[in-house]
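Here is the structure we will look at, set down as structure tokens.
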Protein chains: 2
Amino acid sequence: MDVEPATLTKSQAARRERVIRAALDLGASGGYDSVQMRDVATSAGVALGTIYRYFSSKDHLLAAAMVEWTHDLERRVGQRPPKGDTTAERVGDVLRRATRAMEKEPKLSESVVTALLSPDRGAASCQEDVSASMTRILSMALGDDFDPAFQAQVTRTLGHVWFSSLIGWVNGWSGFTKVSDELDLATHLVLDQYDR
Amino acid sequence: MDVEPATLTKSQAARRERVIRAALDLGASGGYDSVQMRDVATSAGVALGTIYRYFSSKDHLLAAAMVEWTHDLERRVGQRPPKGDTTAERVGDVLRRATRAMEKEPKLSESVVTALLSPDRGAASCQEDVSASMTRILSMALGDDFDPAFQAQVTRTLGHVWFSSLIGWVNGWSGFTKVSDELDLATHLVLDQYDR
DNA sequence: CGTCAGACTAGAACACGTTCCAATTCTGCG
DNA sequence: CGCAGAATTGGAACGTGTTCTAGTCTGACG
């Protein structure tokens, strides 16, 4: 009902990847509602039941896609570290990188974020993954110059603001600029007491 | 497809109330999944279709219930203002009041919060209501001693942290104590620079 | 090479939110 | 009271996520 990548054969991993890809394609063109499991199956050239061998639910499937996306971002940030003189600028930089990607594919982001909110067991574990990844990304921007407890709290708090604003955007009561502003202001709120 | 209370006759308002009550009862005993529209209907003594005259969806129904709950809390906080010497203590006080109620009815809270996350149009407008209400509640705890812009940002940020931690709790990857801690630490993070 | 367990397939079947419909019952107005 | 229009009802019907079943394919191992 939920298989960890480690135990998959090559062809299985390929199948899993094809399924995710198909889901992403559908999501990118029509949003959450048009990611229909029957369509994902045909489009991935796989039987409907097979999808459920890899993912516990539609939400788990889409949430898993978001996990991959977040890990990609984390890797990229690791390779090209955040730019900026102050901590606030570096944090703003990574948050902007995170949101810009979503801004370019609004339908897809809506699909993926919606799924991430599901109470489904599989999706919930993806939430943990994503939030952990986001925490690490923010840590990179913060650097090691702070008291660890303080740093941990800042990253978690900003992670919450990020997540919550994202929801506001997905559910349509705030535009993308609102999300950026919110993040920007929160960043300064918690950081301006320390640098500058 | 969505009727505002203002235009309802007495018997209609009663029906609406009965429907909400039925949904809350079911939610309190079995959580989100056991709030089934057919059951809500029979339990409220109403036809299935009638529910959809008052609410656009199951999620809208449950989210509307949460709006009432939040308004109650807001009213209570207005009547018995938050206690505490420092701002942080007062903020902690209202946040604790907000979470304690949910802690007592975990299944019910799960139902209601889950619904609040839905992308459904009706539910989304309830999200705005709830978040606006929460902002006002936090403002009461902050008082008028701050720069309005600063106050606005603090309330929004704490609102985000509250909302996001709630999700973490509902989806089962953090206990209630974690939620309180998170809120507590975030509160101090943004406020300790000003009072103490 | 033969075989056996597990993965895969096609498709039926099921569950529950949502919509639709025809018939009936309210409600307010002349 | 009598009537028109709205609200409500019971229940069928629909869509889509999820599960189940019976049969087929695959690939690892003796």
Side-chain angles (χ1 to χ4, degrees), chain A residues 1-19 22-23 26-27 30-65 111 114-123, chain B residues 1-19 22-23 26-27 30-65 111 114-123:
Chain A
M1 190 165 287
D2 177 13
V3 182
E4 282 310 309
T7 68
L8 299 181
T9 71
K10 183 163 294 186
S11 90
Q12 285 175 323
R15 230 187 300 261
R16 185 176 190 275
E17 220 37 58
R18 252 186 302 140
V19 170
L26 287 167
Y32 184 81
D33 285 338
S34 62
V35 180
Q36 305 202 354
M37 297 304 269
R38 288 168 179 81
D39 295 348
V40 173
T42 29
S43 168
V46 131
L48 182 53
T50 303
I51 301 183
Y52 286 92
R53 172 173 307 283
Y54 293 92
F55 305 97
S56 65
S57 67
K58 165 177 173 174
D59 290 319
H60 184 198
L61 163 57
L62 284 168
S111 321
T114 300
L116 206 64
L117 296 179
S118 151
D120 173 88
R121 193 160 237 324
Chain B
M1 190 163 287
D2 177 15
V3 181
E4 281 311 309
T7 68
L8 299 181
T9 72
K10 183 163 296 185
S11 87
Q12 283 174 324
R15 229 187 301 261
R16 185 175 190 273
E17 218 40 55
R18 250 185 305 142
V19 171
L26 287 167
Y32 184 81
D33 285 338
S34 62
V35 180
Q36 305 201 353
M37 297 305 267
R38 289 167 177 83
D39 294 348
V40 173
T42 31
S43 167
V46 132
L48 182 55
T50 305
I51 301 183
Y52 286 91
R53 172 173 308 284
Y54 292 91
F55 305 98
S56 65
S57 68
K58 165 177 172 172
D59 290 319
H60 183 198
L61 163 57
L62 284 168
S111 322
T114 300
L116 207 63
L117 296 178
S118 150
D120 173 88
R121 193 162 239 325

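Partners of B:Thr50 under the side-chain hydrogen bond (donor to acceptor under 3.5 Å, both in side chains) rule, at least two apart in sequence or in another chain, do not exist in this structure. For B:Ala23, the side chain to side chain contact (heavy atoms under 4.5 Å, CB included) criterion is met by B:Val35, B:Val40, B:Leu61, B:Leu62, not counting sequence neighbours. The side chain to side chain contact (heavy atoms under 4.5 Å, CB included) test applied to B:Asp33 returns no partner, not counting sequence neighbours. In this structure B:Ala123 satisfies the side chain to side chain contact (heavy atoms under 4.5 Å, CB included) test together with B:Asp59, B:Ala63, B:Ser118, B:Asp120, sequence neighbours excluded.
If you measure from atom CG of B:Leu62 to atom P of C:dG17, you get 10 Å, rounded to the nearest angstrom. The NE2 atom of B:His60 sits 17 Å away from the P atom of C:dG17 (whole-angstrom rounding).
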B/S/- along nucleotides 6-17 of chain D (protein heavy atoms under 4.0 Å) is -SBBB--B--SB

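No option in A:Tyr54, A:Tyr52, A:Phe55 other than A:Phe55 meets the ring-ring contact (aromatic ring centres under 6.0 Å, His included) test with A:His60.
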